[in-house]
Amino acid sequence: MTTRRDRALGLIERLHRVEIEARAVELNALRDRMTELERRSAETAEALARDGHIVSIESAPYVGAYIRDARAQIGALDRARSDLEPQAAKLEDAMRESFREMKTVATVAARARLRATRDRVAREAAETDEMVLLRWGREG
């Protein structure tokens, strides 16, 4: 019975670990996407700072349109990144909760193993005492 319980607790702990690892992979992919969006936004802002000025009178209408488009693109990239933040926070919370549950299961399993070890040691001590008493009774 104890070994069944130990195996069940070990299985539950492994399942939590697999769940945490899967969420970690998903969170890393999400953070990579957020980093990519931030990088693209920064690149667009740099290009706007570099190219967003009027060189000649003929380029004035084009530069205005470029500046509006670049700002719109930066805004869209920043909004897309901001939209991913709640997902990342939700995944982090789920990972924390799974980790807490995994540690609880691990603690329960460790206590069960300790209790089983103590019971085994007590049984062995009782058997040894009984053998000593039987031997003492035969000699006495």
So with a 6.0 Å cut-off around [atom1] of [X], is the heavy-atom count from everything else above 12?
X	atom1	value
F99	CZ	no
R39	CZ	yes
E130	CD	no

Check: Does the S41 side chain pair with the main chain of L37, one donor and one acceptor, at a distance under 3.5 Å?
Finding: no
Note to self: With a 3.5 Å distance limit and no angle check, can you tell me whether R40 reaches the backbone of L77 through a side-chain donor-acceptor pair?
What the structure shows: no
From [X] atom [atom1] to [Y] atom [atom2], the distance as rounded to the nearest 0.5 Å:
X	Y	atom1	atom2	answer
K90	L30	NZ	CG	12.0 Å
L11	R4	CG	CZ	13.0 Å
L15	E101	CG	CD	11.5 Å

Check: Passes salt bridge (Lys or Arg N to Asp or Glu O under 4.0 Å), E26 versus R23? Steps please.
Finding: CA-CA 5 Å; E26 187 177 349; R23 286 186 174 154; 6.0 Å; no
Non-hydrogen side-chain atoms of [X] and [Y] separated by less than 4.5 Å:
X	Y	value
Q87	L91	no
R123	R120	yes
T128	M131	no

Check: Thinking salt bridges, do E13 and R17 make one under a 4.0 Å N-O criterion?
Finding: yes
Note to self: Taking R100 first and then E97, would you say they form a salt bridge - that is, a charged N and a carboxylate O separated by under 4.0 Å?
What the structure shows: yes
Margin query: Quick one, D78 with R81, criterion salt bridge (Lys or Arg N to Asp or Glu O under 4.0 Å). Give me CA distance, side-chain angles, the key distance, then yes/no.
Written below: CA-CA 5 Å; D78 290 345; R81 185 186 180 291; over 6 Å; no
